[in-house]
S.K.: 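Dropping the structure in here first, questions after.
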Amino acid sequence: MIQFEQVTKTYDLGNPQKKALSAISLEITAKECFGIVGPSGSGKSTLLRLINQLETPDTGHLMLDDEDVSRLSAKEQRLKRQSIGMIFQQFNLLNNKTVYDNVALPLKLQGKIKQKRVMEIMDFVNIDNLANQYPQQLSGGQKQRVAIARALSFDPRILLCDEPTSALDEQHTEEIIKLLKEVHQHFHTTMVIVSHEFSVIRHLCTRAAILEEGQLLDVIPVSPTEPTVFDSYYHRALESLN
Ligand code: ADP
């Protein structure tokens with residue numbers, strides 16, 4: 001479980017300071033797929049960065065599995081971080097490494113490289129045929145698949161997705177929504193998805209938080225809708241335009 005208790009975060013930009021989050025209290029249940037929406041600058045990314053401990057709260061507490069992160073030792077914090085995967089709008093792949101090496105990187109850094117696991121996960125996200133390619137040779141959708149495989153390689157309990165489809169065209173957006181759904185169903189990962197695209201949240205999440213200017217306005221249930229996945233660009237254009 002991820003729990004924010006009265007969390008406030010201020011960025012020090014001199015005078016005046018910028019309050020990115022004000023007294024946020026929020027619970028995200030284990031294995032839930034939870035959305036975060038809000039206009040640009042409302043604090044969505046800051047919320048994600050607090051979960052993976054790239055930022056620390058000024059006041060209040062972030063609890064992961066009932067443990068206050070700020071009270072953990074450096075080693076315990078590192079282990080918590082190793083249970084959290086993240087994907088980004090711009091994929092954040094290393095261009096000088098092959099697809100295989102990108103996917104294997106977290107396991108290598110953790111000293112736990114397992115070729116079998118890397119191959120399994122590449123097979124799951126359907127990029128096993130791209131192992132020796134470099135990121136520049138891939139489409140946006142393929143790059144996001146590689147980033148998803150990299151995030152899943154170390155079997156994270158939480159997957160944070162920061163605008164996972166915002167750099168993609170419609171066809172690739174639909175494919176990545178479908179893949180993230182499969183990831184959630186297969187691995188039972190807790191997922192937190194930030195997106196300005198309501199359709200992405202509607203297709204993937206069961207609840208969503210609405211942020212505005214650093215305030216949590218509401219947490220609402222999201223109606224499930226099956227994503228429409230078209231076989232081809234032609235069928236999507238036909239359905240949408242005809
Ligand atoms: P969102 O993801 O909703 O666009 P952010 O969490 O990125 O919002 O930002 C919330 C507010 O905090 C914004 O006003 C932004 O300018 C400010 N902010 C975010 N990161 C930093 C930073 N590293 N330094 C200073 N201000 C920041």
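Each ligand, and each atom within it, is numbered from 1 in the order the structure gives. Since the model is a prediction, treat every value here as computed from it, not as a measurement.
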S.K.: Pairs in or reaching into residues 37-65: which pass salt bridge (charged side-chain N to carboxylate O under 4.0 Å, His left out), with residues at least two apart or in two chains?
M.R.: K9-E55, K9-D58, R49-E55, D65-R157

S.K.: Just to be sure I understand the cut-off, which residues have at least one non-hydrogen atom under 4.0 angstrom from an atom of ligand 1?
M.R.: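 Residues Y11, L13, K18, A20, P39, S40, G41, S42, G43, K44, S45, T46, R49 each place a heavy atom under 4.0 Å from ligand 1, listed by chain and number.
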
S.K.: Any chance the side chains of S42 and E212 put a donor and an acceptor closer than 3.5 Å?
M.R.: no

S.K.: Quick one: which residue pairs count as a ring pair (Phe, Tyr, Trp, His ring centres under 6.0 Å) with a foot in residues 22-61, not counting sequence neighbours?
M.R.: none

S.K.: May I have all residue pairs that pass ring pair (Phe, Tyr, Trp, His ring centres under 6.0 Å) and include part of residues 76-108, sequence neighbours excluded?
M.R.: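 Ring pair (Phe, Tyr, Trp, His ring centres under 6.0 Å) check on residues 76-108 returns no pairs.
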
S.K.: Looking at E213, I'd like to know if its CD atom is crowded, meaning that more than 12 non-hydrogen atoms belonging to other residues, nucleotides or ligands lie closer than 6.0 Å.
M.R.: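 No, CD of E213 has 12 or fewer neighbouring heavy atoms, counting only those of other groups under 6.0 Å.
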
S.K.: Please work out which of the three classes, parallel, tilted or perpendicular, describes the rings of F124 and H186, given edges at 30° and 60°.
M.R.: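 Ring orientation, 0 to 90° scale: tilted.
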
